Structures are given as C-alpha cells and as structure tokens.
There are 2 protein chains.
Amino acid sequence: MKSKIDWEEAYAACEALTENEDSLTRDIVTGISEKWTLWTLAELAAEEAPLRFSRIMERVEGVSQKSLTKVLRQLERDGLITRKVFAEVPPRVEYATTDLALEMLELVHPLWKWAAANVAKFQAAQTSYDLRQKKN
Amino acid sequence: MKSKIDWEEAYAACEALTENEDSLTRDIVTGISEKWTLWTLAELAAEEAPLRFSRIMERVEGVSQKSLTKVLRQLERDGLITRKVFAEVPPRVEYATTDLALEMLELVHPLWKWAAANVAKFQAAQTSYDLRQKKN
DNA sequence: CAGTATCCTCCTAGATACTG
DNA sequence: CAGTATCTAGGAGGATACTG
C-alpha cells in the first residue's frame, strides 16, 4: 500500500507557517487528546443547545470540577466554545459549541470511527507483540 | 450551524464497545498527540521505504534517543509500524509503516490541514480572550 | 451554582552515562 | 549502531475544602 498523501505539499504547508503558528496548530490538534476535551465538546455538540456547568459535569462522567473548568477555559480560549454568564443568584453559566468546533468535530469523527472499527486489529497487534516479547 | 454528525449513532457505537475496547480506541486516537508520534509516522510514511533508527532521529529534529525509542516501541505494539532487526555488526534496525498506519494518516491529515488553515482564527480567538481577561 | 485554592501523586520527557 | 539505565524537573489531573 502506498501513501495517498502528498507529503511534499504537506511539508511545504508546514514550512509556510511561522514557529508560532506551527506551535498553535500542534496545540489545537493535540488538544483533542487531553483527557476530557473531546468528550466535553461532543456533549455540547450533541445537545445542540447551551449547557450549564453542572449539566456538563453530569454528562462527562468522572471528570472533576477542576479538570472540567480547565478544559472549558482552554476550549473557550481556542474559540471552540462560548461562555455566557447570567447575572443571577444563584449564578448561571452556559456553554455552547462554536461553528469552528463543529468543523473540527466533523474531521475528528471519522478518525474516531475508524479507530473503533479497527479495535480488533489493535488488540491482535498488541497480543502478538506481547507474546513476542515474552519469548525473548 | 448545525452539527452534521449523527450523535445518536456515534454514542450507540461507543456503547457497543467493551470497556477494554473503548479504552484502546481512546489510546489510539490520543496517541497521535504524544509529542513525537505523528512526526515520526509522517517521516516513515513520506519515505515510502524502511528507515533506520539513526535516520529517523535525524529527520525528527529534537527528539531524544529515549523518547524516540519509546515512541517506536508504542507504534510497533499498536501495529502501526514494523521493526526488523538484521543480525549484523554493527547492528541495523529498520522501521516501516504498516497499511494500518497509512489509513490512519489519511484521516489525521485533513484534521492537521484544517488546523493549519484556520490558525489565524485561533490566534484571533486567543488574543480576544486574553484581552477580555485583562480588563477584568 | 460555579467555581478557587491547596495538596498530592503519577507520568512525561529531557539530560547524561553506559553497553551488546 | 541502537539501544538501556538512572536521575530529574515539570505538568496533568484527582481529592478535598472553601467561597462570591
């Protein structure tokens, strides 16, 4: 099998970025793998309506307040979600995805589906690898 | 803008996985963001031929021996690269991408291109966010 | 309700030195 | 050449307690 990607073009595109832009690009891509980021985004996108902090915490099972706060701040700073504070008592804060986030999710989704569809291959590869290591 | 993703189907697909499979799926997806993983894979895929350890180290600028070794071991275990040892002195070890890795790269590539294309938006979002924080 | 603040532990990853 | 071994600093992220 041959790579269908035009690597020359891809590398040229990378070279065209300033160091700062390159670093930011990397941060955006690698941001999807911070532990709760994708899950949080997915819940907001699936809802198709703003969600309050506590509703998100319920849906993203296992996340701590501290981690969720951090994730939401980062997503807000990256322009992937909006945060709206209502001047009420008790306070109400609503989060919602931006169009930028929906674009990104549409690109991440195929990757996730592919990984899930091929999970048996990964398990087989790992089992085979672990066996080879044991022998030696 | 409305999400084009069928979230019901997506969540159902997740539910269908065992806990182990789900965790492995996550590991594969998040693996792309470990610091040197994608770069290493890209160099091997772009070469379209096996590369020796030292050639990879030259191309992946800045990676340490230890980190590269770890990345290569993980990729090998996940079935994304092959490792071939030649019984020679001095030793020769050649690494190459598998078809599974090329499939994955074809899904990761659009995401990377999108991030690079939208880097200006992310910079603008961050600048705007940082300004808002300063005011308060 | 929606967070901060503090403490703590594990993991990542670099630097350096050594080896079959 | 292609690693392994050891030490270390820094960050991620959980638990818990407190607050406007």
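The sequence lines fix the lettering, A, B, ..., with proteins before strands; numbering per chain opens at 1. Note that these values count all heavy atoms, side chains included, but never hydrogens, waters or copies made by symmetry. Quick caveat, the model's predicted, so the values are computed rather than measured.
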Tell me, please, the opening and closing nucleotides of DNA chain D, 5' to 3', among those with an atom under 4.0 angstrom from a non-hydrogen atom of chain A. D:dA12 to D:dG20
Strictly below 4.0 Å, heavy-atom distances to any atom of DNA chain D: list the hits from residues 80-87 of chain A, or just say none. none
Distance-only, no hydrogens or angles: does the B:T37 side chain make a donor-acceptor pair with backbone N or O of B:S33 under 3.5 Å? no
Can you check whether A:Y129 reaches B:D78 side chain to side chain, under 4.5 Å on heavy atoms? no
For A:A124, is there any backbone N or O sitting under 3.5 Å from a side-chain donor or acceptor partner on A:S128? no
Residues that A:E34 engages under salt bridge (Lys or Arg N to Asp or Glu O under 4.0 Å), provided they are two or more places apart: none
Contacts of B:A115 that satisfy side-chain contact (heavy atoms from CB on, under 4.5 Å) - sequence neighbours left out: A:T25, A:I28, A:V29
Please determine which of B:I56, B:V71, B:L41, B:L68 meets the side chain to side chain contact (heavy atoms under 4.5 Å, CB included) test together with B:W36. B:V71
Heavy atoms, side chains only, cut-off 4.5 Å: are B:W39 and B:E61 in contact? yes
Can you tell me which residue pairs pass the ring pair (Phe, Tyr, Trp, His ring centres under 6.0 Å) test with a partner in residues 97-122 of chain B, sequence neighbours excluded? B:W114-B:F122
Of A:P91 and A:S64, whose closest DNA chain D nucleotide lies nearer the 5' terminus? A:S64
Scan for salt bridge (charged side-chain N to carboxylate O under 4.0 Å, His left out) pairs involving residues 88-100 of chain B, sequence neighbours excluded, and state none if there are none. B:E88-B:R92, B:R92-B:E94
For residues B:M104 and A:N118, determine if any side-chain heavy atom of one lies less than 4.5 Å from a side-chain heavy atom of the other. no
Is it the case that the side chain of A:T98 and the backbone of A:L80 share a donor-acceptor pair, with hydrogens and angles ignored and the cut-off at 3.5 Å? yes
Among residues 32-43 of chain B, which residues get a heavy atom nearer than 4.0 Å to DNA chain C? B:K35, B:W36
Does any residue of residues 45-57 of chain B have a heavy atom under 4.0 Å from DNA chain D, and if so, which ones, in number order? B:R52, B:F53, B:S54
Closest-nucleotide mapping onto DNA chain C: is B:V63 or A:T69 further toward the 5' terminus? I mean the 5' end. A:T69
Residues in salt bridge (Lys or Arg N to Asp or Glu O under 4.0 Å) with B:E21, at least two apart? none
Any side-chain donor near an acceptor of the partner, B:Q126 and B:D130, under 3.5 Å: no
Once salt bridge (charged side-chain N to carboxylate O under 4.0 Å, His left out) is applied, what residue pairs with a partner in residues 109-128 of chain B remain, sequence neighbours excluded? A:E9-B:K113
For DNA chain C, please output the secondary structure as dot-bracket, reading 5' to 3'. Pairs are Watson-Crick or G-U wobble, both atom distances under 3.5 Å; mark crossing pairs with [ ], other-strand partners with |, unpaired with a dot. ||||||||||||||||||||
Could you say whether A:R73 or A:K66 is positioned toward the 5' end of DNA chain C, judged by the nucleotide with the nearest heavy atom to each? A:R73
For B:A96, which residues count as a side-chain contact (heavy atoms from CB on, under 4.5 Å) partner, sequence neighbours excluded? B:P50, B:T82
